[in-house]
Amino acid sequence: MPELPEVETIVNALAPRLSGRRVISAEFLSSLVLRHCIGGDPQELVQQTVAKLERRGKFILIHLERHVLVIHLGMTGKLLFDSGRSPYTRAIFGFDGCTLFYEDIRQFGSIEWSTVVPKRIELLGPEPFDITPAAFHRAMRGRRTPVKSLLLNQQVLRGLGNIYVDESLWRAGINPRRLAGKLSGPRAARLLEEIQNVLNEAIQHRGSSISDYVDADGRKGGFQLQHRVYGREGKPCVNCGTPIRRIVLGQRGTHYCPKCQR
DNA sequence: ATCTATTCCTGGCTGC
DNA sequence: TGCAGCCAGGAATAGA
């Protein structure tokens, strides 16, 4: 499940190999991944040159001359260079020099394009690295939802998913059920700091490969070995030895230490 | 405006 | 062994 660090790793692999390349062909093998793209003809992408690549939260933006291609990998989406067609190939982008295959088993991912960045992308919250502790605290003020749910809200902060939210809350010593609006300024600042720490460390490790995640060159990440709570139900907390607990919060599996996180 | 529940999808796992 | 049924989850959507 690609979150900010995984998407960052993918974009870092894509950018040098796609920048300046010309789109030769665009083929879609599944209409499901185009569910956000109403009435566009893939042929209009052909012959355009890639201007630049950008990550916004978990979204990949490929800026062409006249259009922007917006890709979200969902749960099982992958962008792979020259991998060849598989039963789960949903789209194929031919460039002068390489071919990019979009694979997605569960088809939670999506691809769309338009002449301007879509509104819902513009409405995303700030990058976790681009918000001050004070602004972060303000964003939580008055919110009567568990802090975990708020951190998953991409309109508040963009890029966090289930893994890194659980890991951040453990590092900050905050119970995922705590209401966001009840966090003090210092605790909010600590939380933001730990969010930035865990994301930076995960990027250094090229992301987490928990199911079958690989980057555009087929390389796995290594940060799953650093997880302290995610996927560790029943195992001892590395800080205090208490068994890690798993609950369902906001329809999401949630992992935490009942002793360290209050 | 804010919050919660539901829906999408399918390989892999659990349990009978 | 075989198979039904359930699970994982990001984001859009509907409903409260």
Side-chain angles (χ1 to χ4, degrees), chain A residues 1-8 10-11 28-38 55-61 70-79 86-91 102-112 114 117-125 127-128 138-169 176-183 195 199 202 207-214 221 224 227 229-234 244-256:
Chain A
M1 43 208 71
E3 302 180 24
L4 187 154
E6 291 77 29
V7 179
E8 175 77 9
I10 290 167
V11 170
F28 291 89
L29 295 81
S30 162
S31 56
L32 263 174
V33 302
L34 289 174
R35 63 191 176 282
H36 294 304
C37 205
I38 16 137
R55 178 187 60 71
R56 287 202 203 181
K58 304 173 201 170
F59 290 84
I60 299 167
L61 275 62
V70 179
I71 302 174
H72 194 291
L73 301 173
M75 291 286 297
T76 53
K78 298 176 189 174
L79 286 167
S86 86
Y88 307 115
T89 303
R90 312 300 184 187
Y102 176 71
E103 295 200 5
D104 192 352
I105 292 176
R106 295 185 201 170
Q107 303 192 88
F108 269 25
S110 69
I111 300 177
E112 67 182 301
S114 52
V117 175
K119 187 125 188 196
R120 65 193 174 87
I121 306 298
E122 295 284 14
L123 289 175
L124 292 172
E127 290 284 324
R138 266 199 307 278
M140 291 198 284
R141 196 162 49 195
R143 303 298 290 261
R144 299 181 183 279
T145 192
V147 60
K148 157 134 188 178
S149 302
L150 196 81
L151 293 179
L152 286 172
N153 183 341
Q154 304 295 297
Q155 271 71 247
V156 174
L157 214 55
R158 69 193 194 219
L160 290 176
N162 210 34
I163 296 174
Y164 296 107
V165 165
D166 282 5
E167 293 297 321
S168 301
L169 289 170
R177 279 189 277 219
R178 177 158 293 274
L179 296 188
K182 290 216 154 193
L183 282 188
I195 288 169
L199 292 175
S208 303
S209 287
I210 51 117
S211 54
D212 62 345
Y213 162 77
V214 289
Q224 66 280 4
H227 291 177
V229 285
Y230 187 86
R232 295 194 68 245
E233 180 185 12
I244 296 303
R245 190 172 293 171
R246 183 185 185 280
I247 59 171
V248 175
L249 184 52
Q251 295 77 239
R252 292 288 172 266
T254 299
H255 316 73
Y256 72 105

Atom pair distance, as rounded to whole Å: [atom1] in [X] and [atom2] in [N]:
| X | N | atom1 | atom2 | value |
| --- | --- | --- | --- | --- |
| Q251(A) | dC3(B) | CD | P | 14 Å |
| Q155(A) | dC3(B) | CD | P | 13 Å |
| D166(A) | dA8(C) | CG | P | 13 Å |
| I247(A) | dC7(C) | CD1 | P | 16 Å |
| Q154(A) | dG9(C) | CD | C1' | 13 Å |
| N153(A) | dC3(B) | CG | C1' | 10 Å |
| F59(A) | dG10(C) | CZ | P | 12 Å |
| D104(A) | dG9(C) | CG | C1' | 12 Å |

Can you check whether [Y]'s main-chain N or O pairs, donor with acceptor, with [X]'s side chain at less than 3.5 Å?
| X | Y | answer |
| --- | --- | --- |
| E167(A) | Y230(A) | yes |
| R55(A) | G57(A) | yes |
| E127(A) | R56(A) | no |
| E3(A) | K58(A) | no |

Tell me the closest heavy-atom pair linking D104(A) and R90(A), and the distance in Å.
O-NE, 2.7 Å

With a centroid cutoff of 5.5 Å and a plane-angle limit of 30°, would you call F108(A) stacked on dA11(C)?
no

Within the 4.0 Å heavy-atom criterion, would you say [X] contacts the bases, only the backbone, or no part of the nucleic acid?
| X | answer |
| --- | --- |
| L73(A) | nothing |
| Y213(A) | nothing |
| R141(A) | nothing |
| Q107(A) | sugar-phosphate |
| R143(A) | sugar-phosphate |
| G253(A) | sugar-phosphate |

Reckon [X] has a side-chain N or O less than 4.0 Å from the OP1 or OP2 of [N]?
| X | N | value |
| --- | --- | --- |
| R252(A) | dG10(C) | yes |
| H72(A) | dA11(C) | yes |
| T145(A) | dT4(B) | yes |
| Y88(A) | dG11(B) | yes |

Under 3.5 Å donor-acceptor pair, R35(A) side-chain atoms to dA12(C) base atoms:
no

dist S149(A):OG -> L249(A):CG (nearest 0.5 Å) comes out at 4.5 Å

The side chain of I105(A) is closest to which nucleotide in this list: dA11(C), dA8(C), dG11(B)?
dG11(B)

Of the candidate nucleotides dT4(B), dT6(B), dG9(C), which contains the atom at the shortest distance from the side chain of N162(A)?
dG9(C)

Select from M1(A) and I121(A) the residue whose nearest nucleotide in DNA chain C is closer to the 5' end of that strand.
M1(A)

